[in-house]
Protein chains: 2
Amino acid sequence: MTTDTPTQQTVEWLTAEQQVHWRSFRGGAARLFAALEHELEQQTGLSTHEYEVLVRLSETPDRTLRMAQLADNLAHSRSRLTHTIRRMEEQGLVSRLPCVEDARGVNCTMTEKGWQTLVAAAPSHVQSVRDHLVDVLTPAQFAALGDAMETVRLHLTGGACHVE
Amino acid sequence: MTTDTPTQQTVEWLTAEQQVHWRSFRGGAARLFAALEHELEQQTGLSTHEYEVLVRLSETPDRTLRMAQLADNLAHSRSRLTHTIRRMEEQGLVSRLPCVEDARGVNCTMTEKGWQTLVAAAPSHVQSVRDHLVDVLTPAQFAALGDAMETVRLHLTGGACHVE
DNA sequence: GGAGTGTAGTACAACTTTGAACTAACAGTT
DNA sequence: AACTGTTAGTTCAAAGTTGTACTACACTCC
């Protein structure tokens, strides 16, 4: 959009250059995530959300996380996570158990099938990430991308939530 | 996930450093887009998709685009765009007219109300983008981000679709 | 030990997105 | 003109997502 709105008070518009960068970012990210989603779905039947759930669980000592931790890590709403985990439970990838320390809580554990599914899916997903992102950029570019987005993330989460 | 899969053939895993960058990127981008979506929704009632539709239309001489062009620009599926435009038409933001040159086609035009809606929404959205992205980074960082994602985008679209 | 407040997770209903199937129209061939 | 293949856009049903409301438990502090 290019317009002069003379009555605007304090908004500082983006420069033409900034607009170009912003669009590249938005468009590139959207297409990248869509491509990764599609390839993972085709090759393994998993959505990237399900894949990420498995990854998080796989990184804990007992392959278990509380629902809320999982939701925070993934930046998903509680409601959305409940649905995702229910579906994954139906597929036998995870199982839910009441939490002993806090009777309100629910522990979500990765099953052996979930683990096998992740091990089977990881190579092709990693390859996709390489193909469309990592290997397309120079190492310095990729590092700069990561650093910049880490700054953005920290700013958004108020410095908390170092996990994701 | 950290595992050694001895039987894997040719997959090159990400280094620890690359994994960190990849997660920062994924997590930062997800949170950023979610935040922008929320703020735009709260402040104007528009979704970012609807906003983007209006932006694209506003940039053409006659505030009109074919459905397919719109879908390509936004990297949305045809089906999704049909739904979005139907909803926007119900709100009076756009209108659809059969295309004269190609009787299969449909021209989507921005109404005056659509234009006014965009003009009213733009300042706060621009401010959000500044607050959470542009002003959080150094100009060099932001430019590098844009350049990197442009490279990613071009790679994904095979160099075509310069518009987005 | 009971009231009030906050947190964990689920259920529900409305809405959005997806992918496949479908209709209509163009374009090239013979 | 009929035949084939392609493109434009919509429709349909299934699946996913959202926000709110709800239940259950925990924490505090009087």
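FYI, side chains are in, hydrogens and waters are out, and symmetry mates aren't considered; it's all heavy atoms of this structure. Sequence lines set the chain letters: A, B, ... in the order given, protein chains first and strands last, and positions in each chain run from 1. None of the values given here were measured: they were computed from a predicted structure.
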With 3.5 Å as the limit, what N/O pairs link the protein to nucleotides 17-23 of chain D?
unit_1: dT17(D); atom_1: OP1; unit_2: His49(A); atom_2: NE2; d: 3.4
unit_1: dT17(D); atom_1: OP1; unit_2: Arg80(A); atom_2: NH2; d: 3.1
unit_1: dT17(D); atom_1: OP2; unit_2: Arg87(A); atom_2: NH2; d: 3.1
unit_1: dT18(D); atom_1: O4; unit_2: His83(A); atom_2: NE2; d: 3.3
unit_1: dG19(D); atom_1: OP1; unit_2: His38(B); atom_2: NE2; d: 3.2
unit_1: dG19(D); atom_1: O6; unit_2: Ser79(A); atom_2: OG; d: 2.6

Starting at atom [atom1] of [X], determine the distance to atom [atom2] of [N], rounded to an integer number of angstrom.
{"X": "Arg66(A)", "N": "dA26(D)", "atom1": "CZ", "atom2": "P", "value": "10 Å"}
{"X": "Leu46(B)", "N": "dT16(C)", "atom1": "CG", "atom2": "C1'", "value": "16 Å"}
{"X": "Leu65(B)", "N": "dA8(D)", "atom1": "CG", "atom2": "P", "value": "14 Å"}
{"X": "Leu81(B)", "N": "dG19(C)", "atom1": "CG", "atom2": "P", "value": "15 Å"}
{"X": "Ile85(A)", "N": "dG9(C)", "atom1": "CD1", "atom2": "P", "value": "11 Å"}
{"X": "Gln69(B)", "N": "dT7(D)", "atom1": "CD", "atom2": "P", "value": "15 Å"}
{"X": "Glu37(B)", "N": "dT16(C)", "atom1": "CD", "atom2": "C1'", "value": "11 Å"}
{"X": "Leu74(B)", "N": "dT17(C)", "atom1": "CG", "atom2": "C1'", "value": "15 Å"}

Would you say the side-chain atoms of [X] pair up with the backbone N or O of [Y], donor to acceptor, closer than 3.5 Å?
{"X": "Glu89(A)", "Y": "Arg96(A)", "value": "yes"}
{"X": "Arg63(A)", "Y": "Leu54(A)", "value": "no"}
{"X": "Thr60(B)", "Y": "Arg56(B)", "value": "no"}
{"X": "Thr64(A)", "Y": "Asn107(A)", "value": "no"}

Can you pull every protein N or O that's under 3.5 Å from an N or O on nucleotides 21-29 of chain C?
unit_1: dC26(C); atom_1: OP1; unit_2: Ala103(B); atom_2: N; d: 3.0

Sorted by position of nearest nucleotide on DNA chain D, 5' first, the leading residue of Glu50(A) and Ala68(B) is Ala68(B)

Considering residues at least two apart in sequence or located in another chain, which fulfil the salt bridge (Lys or Arg N to Asp or Glu O under 4.0 Å) criterion with Arg86(B)? Glu90(B)

Does the plane of the ring in Phe142(A) sit parallel, tilted or perpendicular to the ring in His21(B)? Use 30° and 60° as the thresholds. perpendicular

Of all the heavy-atom pairs spanning Met149(B) and Phe25(B), show the shortest one and how long it is. CE-CZ, 3.6 Å

Taking only side-chain nitrogens and oxygens of Arg78(B), does any of them come within less than 4.0 Å of OP1 or OP2 of dG19(C)? no

Of Glu150(A), Glu59(A), Glu52(A), which is the lone residue that meets salt bridge (Lys or Arg N to Asp or Glu O under 4.0 Å) with Arg23(B)? Glu59(A)

State, yes or no, whether a side-chain contact exists between Arg26(A) and Thr48(B) at a heavy-atom distance under 4.5 Å. yes

